[in-house]
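In what follows, a single structure is set out as structure tokens and then discussed.
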Amino acid sequence: MTRPQRQQAAPAPAHDKEPLLKIHPFADTFPMLAQDELHDLAESIRTEGQHQPIVLDRDGVLIDGRNRLAACKLAGVEPRFTTYEGDDPTSLIVSHNVVRRHLSKGQNAMIHAMASSLSGHSLRTQAKLHDISRSRLSAANVVLKHAPELAERVRVGKLGLDAAHDIARERKAKTEALVAQGERLRQHAPDLAEQVTEGLLTLDTAITALDQRVEEEQLRQLVKESDAIRVADGDTAPALAQLAERGEITWDQAAQRAEEHRTHRHEAILRTQQALQLIAENWTAVHNLAARPDTLYAKEILNGLTSEARSLTERLTRAA
């Protein structure tokens with residue numbers, strides 16, 4: 001519970017040569033009045049007096065009344081102060097500023113995000129304490145971290161939170177991409193990562209070099225897999241990997257030949273499968289022919305075939 005404020009008779013310094021009051025960090029996040037509004041307030045204080053005292057904490061830190069203090073100086077009026085005796089200055093600042101001022105929801109979220117960074121309170125706690133949308137607080141926090149110059153514009157009402165968040169989110173994505181690229185370099189090419197750290201290579205150049213290494217390794221793997229298949233098929237031609245390692249062909253050429261071999265091999269397998277399927281589908285005709293080998297029927301069939309087909313038919317009928 002907060003204790004009531006009590007009036008303090010001692011006036012604050014009114015001359016420029018006097019030391020300036022220290023401002024509470026959270027109170028300082030709220031934007032000051034525009035110049036015309038500040039002059040209007042000064043005129044009101046000059047003619048009607050200062051209605052509300054400026055609030056200091058026990059250590060003399062100003063927690064509410066920056067505009068009143070500035071207006072008193074403009075009006076040439078000695079400001080009136082009171083000391084806050086409670087234990088929750090943040091709540092007082094909120095109640096005297098958020099409720100009193102015409103702040104947009106984006107400004108309100110940004111001010112509380114700034115306050116959270118100062119106080120160490122989580123965004124969840126800040127949202128719960130001050131009844132603010134967590135999504136807006138989160139957006140304000142992204143702006144605060146990745147586009148702090150835009151955060152200030154949101155705070156004073158010169159830029160909407162949504163527009164600032166879009167820009168900050170793009171910056172965040174770029175930053176995360178750069179971090180991911182750096183981590184990839186450290187994991188897969190520490191030598192390149194070290195050159196980037198020493199300023200000998202740019203990150204983009206190092207990533208390009210790493211991509212080239214990865215591509216070359218993929219080519220080597222493709223060629224070696226193709227060589228293993230050729231050996232398993234009984235092919236006695238020189239291994240493509242050996243030709244590339246001896247410099248007789250490039251790895252690109254070896255990979256191209258390996259891919260061509262894979263394609264031709266696949267096509268040959270399909271053709272053979274189709275041919276054998278046809279034989280299987282017509283195997284009854286072979287059986288019928290084998291049952292009447294020396295008949296006129298068989299002779300007329302064989303005479304109508306090419307020599308290769310006749311030779312194959314004779315072998316098949318004997319096997320049948």
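Below, each value reflects all heavy atoms present in this structure, side chains not excepted, and no hydrogens, waters or symmetry copies. Bear in mind the structure is a predicted one, so any value in this text is a computation, not a measurement.
Judged by distance alone, with hydrogens and angles left aside, the side-chain atoms of Arg58 form no donor-acceptor pair with the main-chain N or O of Tyr84 at under 3.5 Å. Although no hydrogens or angles enter the test, the distance criterion places a donor-acceptor pair under 3.5 Å between the side chain of Thr47 and the main chain of Glu43. A donor-acceptor pair under 3.5 Å is absent between the side-chain atoms of Ser311 and the main chain of Glu308, judged by distance alone. A donor-acceptor contact shorter than 3.5 Å is absent between the side chain of Asn282 and the backbone of Ala285. Checking side-chain atoms of Thr317 against main-chain N and O of Thr313 turns up a donor-acceptor pair under 3.5 Å. The backbone N or O of Val214 sits nowhere less than 3.5 Å from a side-chain atom of Glu217 that would complete a donor-acceptor pair. In terms of modelled atom types and a separation under 3.5 Å, the side chain of Asn108 and the main chain of Ser104 share no donor-acceptor contact. The closest donor-acceptor contact from the side chain of Gln253 to the backbone of Thr250 lies under 3.5 Å.
Gln187 and Glu183 share a donor-acceptor pair across their side chains, judged by distance under 3.5 Å alone. Thr202 and Thr205 share a donor-acceptor pair across their side chains, judged by distance under 3.5 Å alone.
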Show your reasoning for whether side-chain contact (heavy atoms from CB on, under 4.5 Å) applies to Lys22 and Asp59.
CA-CA 10 Å; Lys22 184 177 179 181; Asp59 297 321; over 6 Å; no

Go through the steps to decide whether Glu216 and Arg220 satisfy the test salt bridge (Lys or Arg N to Asp or Glu O under 4.0 Å), and finish with yes or no.
CA-CA 6 Å; Glu216 183 174 326; Arg220 290 172 180 264; 3.0 Å; yes

Verify side-chain contact (heavy atoms from CB on, under 4.5 Å) between Phe81 and Val55, making sure each step is shown before the conclusion.
CA-CA 6 Å; Phe81 291 83; Val55 184; over 6 Å; no

Please evaluate residues Leu74 and Leu38 with respect to the criterion side-chain contact (heavy atoms from CB on, under 4.5 Å), reporting the C-alpha separation (whole Å), side-chain torsions for both, the decisive distance (0.1 Å), and the verdict.
CA-CA 9 Å; Leu74 284 175; Leu38 194 60; 3.9 Å; yes

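Members clustered with Val223: Leu240, Leu243, Ile249, Trp251, by chain and number, using a 4.5 Å side-chain heavy-atom cutoff among hydrophobic residues.
Rounded to the nearest 0.5 Å, atoms CD (Gln273) and CD (Gln277) are 9.0 Å apart. Note that CG of Leu69 and CG of Leu56 are 9.0 Å apart. Values are rounded to the nearest 0.5 Å. The CZ atom of Arg134 sits 14.5 Å away from atom CZ of Arg136, with the distance rounded to the nearest 0.5 Å. Atom CD1 in Ile23 sits 4.0 Å away from atom CG in Leu62 (nearest 0.5 Å). Rounding to the nearest 0.5 Å places NZ of Lys174 at 13.5 Å from NE2 of His146. Rounding to the nearest 0.5 angstrom, the gap separating the CG atom in Leu137 from the NE2 atom in His112 is 8.0 Å.
Note on Ile167: it clusters hydrophobically with Met110, by side-chain heavy-atom contacts below 4.5 Å among ILVMFWY residues. Residue Leu41 is grouped with residue Val77 when hydrophobic side chains (ILVMFWY) are merged at heavy-atom distances under 4.5 angstrom, including chains of intermediate members. Note on Val156: it does not cluster hydrophobically with Leu161, by side-chain heavy-atom contacts below 4.5 Å among ILVMFWY residues. Trp283 and Leu312 end up in the same hydrophobic cluster when Ile, Leu, Val, Met, Phe, Trp and Tyr side chains are linked at under 4.5 Å. In terms of hydrophobic clustering, with Ile, Leu, Val, Met, Phe, Trp and Tyr side chains grouped at heavy-atom distances under 4.5 Å, Val143 and Leu159 are assigned to a common cluster.
Shown here for Ser226 and His261, the closest heavy-atom pair between the two residues is OG-ND1, 4.0 Å. Ala42 approaches Ala71 most closely through the heavy-atom pair CB-O, 3.4 Å. Val154 approaches Gly160 most closely through the heavy-atom pair CG2-O, 3.9 Å. Here the shortest heavy-atom pairing between Ile54 and Gln50 reads N-NE2, 3.5 Å. A pairwise comparison of heavy atoms in Lys224 and Ala241 identifies CG-CB, 4.3 Å as the closest pair. Between Arg186 and Val179, the shortest heavy-atom distance links the atoms NH2-O, 4.3 Å.
Judged as a side chain to side chain donor-acceptor pair (under 3.5 Å), the pairs with a partner in residues 149-164 (not counting sequence neighbours) are, in order, Glu149-Arg171, Glu152-Arg155.
In this structure, the salt bridge (Lys or Arg N to Asp or Glu O under 4.0 Å) partners of Asp235, at least two apart in sequence or on a different chain, are Arg230. Every residue meeting the salt bridge (Lys or Arg N to Asp or Glu O under 4.0 Å) condition with Arg169, not counting sequence neighbours, appears here in chain and number order: Asp166. Not a single salt bridge (Lys or Arg N to Asp or Glu O under 4.0 Å) links Glu215 to another residue, sequence neighbours left out.
Note on Asp211 versus Arg184: salt bridge recorded, some NZ/NE/NH1/NH2 to OD/OE distance being below 4.0 Å.
Partner of His266 under the side-chain contact (heavy atoms from CB on, under 4.5 Å) criterion, chosen from Leu270, Ile269, Thr263: Leu270. Each of Asp227, Val231, Asp233 was evaluated against Ile229; a single residue qualifies, Asp233, per the side-chain contact (heavy atoms from CB on, under 4.5 Å) test.
Taking the side chain as every heavy atom from C-beta outward, Glu85 and Asp57 never approach each other to under 4.5 Å.
At most 12 non-hydrogen atoms from other residues, nucleotides or ligands lie less than 6.0 angstrom from CG of Asp294. More than 12 non-hydrogen atoms from other residues, nucleotides or ligands lie less than 6.0 angstrom from CD of Glu248.
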Distance-only criterion, 3.5 Å: show the donor-acceptor pairs between side-chain atoms of residues 194-201 and protein atoms not counting sequence neighbours.
residue, atom, partner, partner atom, Å
Thr197, OG1, Ala193, O, 3.0

